[in-house]
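When reading the values below, keep in mind they use all heavy atoms of this one structure, side chains included, and skip hydrogens, waters and symmetry mates. So that the names make sense, note that chain A is the first sequence line, chain B the second, and so on, each numbered from 1.
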Amino acid sequence: VNNTRVRIAAAAIAAIGILTAAAGFANADAGDDYPIPNRILKTPCTVDQYMAAARDVEPVYYERYMIDYNNRPPDIQQGARDRTYWFFSLDYAGRRQYSEDTATNVYYEQMATHWGNWAKLFFNNKGVAAHSTDICAQYPRDDMSVWNWN
Amino acid sequence: MSAANNLKVVLAGLALGIMVVVAGLALAWPARADPDTDFANELHGYGIYGQKDYNAWIGKITCKRLYNGVDADAFKSAQFVATNLQRGITTEQAWQFLGAAINTYCPEQTPNLQRAAEQR
């Protein structure tokens, strides 16, 4: 009986080891949903549409992002806006590649050295991305007022 | 007892009295000065629960949307509230939430509520 117990314990420990190792490898690389949520890689919406949707259905997340944004100097704000529009101008393959690049190289995104959370509203939360992309198509494609939130 | 001792007793009594008053103020102060708590208590009266901080955010953002013109009138505000509160909230509760939010965080927006009431 004791022998069996020891074997089961050893097997369990080995299994945990394998799982941990597998998770470790997965984290070191980009996936179709990490670090950038799949919905963001695939959405046909513009930045303005996405933000307008987030303002309506993820208001607290949007609010916090905009408070952070408003606390940045104008050149950083401009940089974050430009970089966001640039990202949304990419097609799926381009966005997927960018996701890969940022996952494997922490220094890849220069914007992040000036403002760590510059893309938080877009990249950091799958739920926010899902809720916002669900309805973003119903908003105007060009509406810069989404950046004015004081 | 000497006069000096008498004075000591009086001073000690006075100090104790002041401490009691200060402690009382300290205890009573936060409850009165925190609008988020008052807001949460009012919501409970309408059967609206959920996280206090979250509800306070929604209340304040509702005001901000009226100021910024994102919501053009109180009907739009009520819709925003209904979308972002816990599932199963009734239309009546959404309006009660809106009334409490305006009362607590932006009383200047009360005319918006009155206009909506006249149109209903």
Is there a path from F39(B) to Y67(B) through hydrophobic residues (I, L, V, M, F, W, Y) whose side chains come within less than 4.5 Å of each other?
-> no
If every non-hydrogen atom of P59(A) is compared with every non-hydrogen atom of I61(B), which pair is closest and at what distance?
-> O-CD1, 3.5 Å
Spell out, yes or no, whether I58(B) and F75(B) are grouped together once hydrophobic residues are joined by side-chain heavy atoms under 4.5 Å, including indirect joins.
-> no
Which atoms form the tightest heavy-atom contact between R64(A) and W57(B), and what is the distance?
-> NH2-NE1, 3.5 Å
Is the CD atom of E108(B) crowded by more than 12 outside heavy atoms at less than 6.0 Å?
-> yes
Honestly curious: do Y49(B) and F97(B) fall in one hydrophobic cluster under the side-chain, below-4.5 Å linking rule?
-> no
Salt bridge between K60(B) and E63(A), side-chain N to carboxylate O under 4.0 Å?
-> no
Quick one: do V70(B) and Y69(A) end up in the same hydrophobic cluster if we chain Ile, Leu, Val, Met, Phe, Trp and Tyr together by side-chain heavy atoms under 4.5 Å apart?
-> yes
Show the numbers, then the answer: is there a salt bridge (charged side-chain N to carboxylate O under 4.0 Å, His left out) between D56(A) and K76(B)?
-> CA-CA 11 Å; D56(A) 279 354; K76(B) 290 268 195 285; over 6 Å; no
Does anything in residues 108-146 of chain A get under 4.5 Å of chain B by heavy atoms, and if so which residues?
-> none
Write down the atom of V57(A), the atom of T83(B), and the distance for their closest heavy-atom approach.
-> CG1-CG2, 4.2 Å
Heavy-atom closest pair (N84(B) atom, E58(A) atom, distance to 0.1 Å) is OD1-N, 4.5 Å
Could you tell me whether a side-chain N or O of R65(B) sits under 3.5 Å from a main-chain N or O of R55(A), the two making a donor and an acceptor?
-> yes
Mind checking whether M66(A) and Y85(A) sit in one hydrophobic cluster, side chains of I, L, V, M, F, W, Y counted as touching below 4.5 Å?
-> yes
